[in-house]
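The structure appears below as structure tokens.
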Amino acid sequence: TFLESPTDYFTGIDKDEMGTMWMCGFNGKIYSSIDHGNNWNKHREGTAWNIAGNQLNCIDLSPGGKIACAGPNGFITWSADKGSTWSNKTSFEGHDILSIKWLSENELIAVGKSGGVYKVVL
């Protein structure tokens, strides 16, 4: 069954321990849903598809509620307050990131398009 959702090119989805679903889009937008995807709230505004500095390929949620998303050129954005504010940086030696996972509340591991495995402390 296809769920109606915001118009975007979605690249990652995860669910936190409270059942809230989080989704990221290639243009940098991040949404959440508390009703199994029937309605979505935007938490981060994206830019345009051709702005590689803000594109997102993946999302992960820590057990403590932090959210991290990563994408091309080592771009990473994260929130420690359930999506109210976001911090951005580049890392991962500038490689495109395809998947990211929290190792702890301040450390992430990622795999890149180059085949590399990268770790970053936030």
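For the numbers below, each heavy atom of this structure counts, side chains included, while hydrogens, waters and symmetry mates do not.
A donor-acceptor distance shorter than 3.5 angstrom exists from the side chain of D96 to the backbone of N73, with no hydrogens or angles considered.
K42 meets the side chain to side chain donor-acceptor pair (under 3.5 Å) test with E45; sequence neighbours excluded. Residues that satisfy the side chain to side chain donor-acceptor pair (under 3.5 Å) test with T85, not counting sequence neighbours, are D81. Listed by chain and number, the residues in a side chain to side chain contact (heavy atoms under 4.5 Å, CB included) with N57 are F26, P72, L98 (sequence neighbours excluded). In this structure N41 satisfies the side chain to side chain donor-acceptor pair (under 3.5 Å) test with no other residue, sequence neighbours excluded. When the side chain to side chain donor-acceptor pair (under 3.5 Å) test is applied to S104, the partners found at least two apart in sequence or on another chain are N106. Take D16 and apply the side chain to side chain contact (heavy atoms under 4.5 Å, CB included) test, not counting sequence neighbours, and it matches M18, T20, W22, L61. Remark: K82 engages no residue in a side chain to side chain contact (heavy atoms under 4.5 Å, CB included) (not counting sequence neighbours).
Its side chain within the 4.5 Å cluster rule, V117 clusters with L103, I109, V111 among the Ile, Leu, Val, Met, Phe, Trp and Tyr residues. Hydrophobic clustering, defined by side-chain heavy atoms of Ile, Leu, Val, Met, Phe, Trp and Tyr closer than 4.5 Å, leaves I34 isolated from every other such residue.
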Stepwise side-chain contact (heavy atoms from CB on, under 4.5 Å) test for L56 and I30 = CA-CA 9 Å; L56 299 172; I30 300 173; 3.8 Å; yes

task = List the steps, then state whether side-chain contact (heavy atoms from CB on, under 4.5 Å) holds for W78 with L108.
result = CA-CA 11 Å; W78 70 95; L108 292 154; 5.7 Å; no

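Taken from CG in D60 to OG in S99, the straight-line distance is 7.5 Å, to the nearest 0.5 Å.
The two residues R44 and F75 come nearest to each other via the heavy atoms NH2-CZ, 3.4 Å. Between C58 and T11 the shortest heavy-atom distance is N-OG1, 4.3 Å. Taking each heavy atom of W40 and G37 in turn, the nearest pair found is NE1-O, 3.0 Å.
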Output side-chain donor-acceptor pairs under 3.5 Å for residues 63-70, partner residues at least two apart or in another chain, one line each.
residue, atom, partner, partner atom, Å
K66, NZ, E105, O, 2.6

Please table the atom pairs, donor to acceptor, closer than 3.5 Å between any side-chain atom in residues 86-93 and protein atoms at least two apart or in another chain.
residue, atom, partner, partner atom, Å
W86, NE1, H43, O, 3.0
W86, NE1, G83, O, 3.2
N88, OD1, T77, OG1, 2.6

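A heavy-atom distance below 4.5 Å is not found between the side chains of F10 and I59. Using a 4.5 Å heavy-atom cutoff, the side chains of K113 and H95 are not in contact.
For the ring-ring contact (aromatic ring centres under 6.0 Å, His included) condition, no pair includes a residue of residues 54-74, sequence neighbours left out.
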